[in-house]
> 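Just dropping this structure here.
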Amino acid sequence: MDVTLLDAVADPPHDWYDGAPAVPGTWARHDPAGRMEWLMLALANVGHQAVTNIRGLHCALGEALRGPGHYYGWGLDALDDCLGGGFGVRPPFTLVWQGSAKVRQALAADRVGDLDGAAYFDLLVRILERNNVTVVLA
């Protein structure tokens with residue numbers, strides 16, 4: 001993944017040379033100026049990790065709920081299992097889903113045939129809500 005540097009970023013934190021860092025909390029070792037550079041790079045990186053398919057959606061969900069490289073289901077049944085406990089985050093919680101309209105659009109053709117052809121995105125949201133997750137589509 002490429003990182004586009006903004007004009008105001010003179011010397012980015014070295015953590016960003018190969019793309020967005022994969023380890024949570026890496027920003028903490030930087031001084032206030034380095035943290036500002038970090039935030040500017042994070043802003044420039046918004047939207048670069050677009051979800052374009054079901055597997056990408058589950059990768060992003062696992063990362064959002066448990067951190068980089070973590071699992072939280074690979075399909076609707078597995079997600080439902082994870083929400084039942086034993087995989088880290090357990091409801092109730094609130095999931096604020098930034099860019100949800102783009103994800104819904106990217107997955108519009110993905111339907112679940114055994115559920116009357118319902119949209120995958122909508123079923124996923126229903127499963128979250130049924131398991132006491134407040135979903136905020138932003």
> Any chance you could measure L83, atom CG, to F93, atom CZ, to the nearest 0.5 Å?
5.5 Å

> Should the heavy atoms of other residues, nucleotides or ligands under 6.0 Å from CH2 of W97 be counted, would the total exceed 12?
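Atom CH2 in W97 is packed in, count exceeds 12.
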
> Could you check whether any side-chain N or O of R66 sits under 3.5 Å from a backbone N or O of Y72, counting only pairs where one atom can act as donor and the other as acceptor?
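Looks like no, no N/O pair under 3.5 Å.
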
> If I compare all heavy atoms of A78 with all of G73, which pair ends up nearest, and what's the gap?
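Answer, listing the atom of A78 first, then G73: CB-CA, 3.7 Å.
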
> Taking only distance into account, with no hydrogens and no angle test, what donor-acceptor pairs under 3.5 Å do side-chain atoms of residues 130-138 form with protein atoms, sequence neighbours excluded?
{"residue": "R130", "atom": "NH2", "partner": "D80", "partner atom": "OD1", "Å": "3.0"}
{"residue": "R130", "atom": "NH2", "partner": "D80", "partner atom": "OD2", "Å": "3.1"}
{"residue": "N131", "atom": "ND2", "partner": "D80", "partner atom": "OD1", "Å": "2.8"}
{"residue": "N131", "atom": "ND2", "partner": "I127", "partner atom": "O", "Å": "2.8"}

> First locate atom CD1 of I54, then atom CG of D110, and finally report the distance between them rounded to the nearest 0.5 Å.
4.0 Å

> If you round to the nearest 0.5 Å, how far is CG of L79 from CG of L65?
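It is 8.5 Å, given to the nearest 0.5 Å.
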
> Ignoring hydrogens, what is the shortest heavy-atom contact between Y120 and G75? Give both atom names and the distance.
OH-CA, 3.4 Å

> Quick check for you: to the nearest 0.5 Å, what is the distance between L124 atom CG and L61 atom CG?
6.5 Å

> What pair of heavy atoms forms the shortest contact from R126 to A118, and how long is it?
NH2-CB, 4.5 Å

> Mind checking the NZ-OG1 spacing from K102 to T52? Nearest 0.5 Å is all I need.
13.0 Å

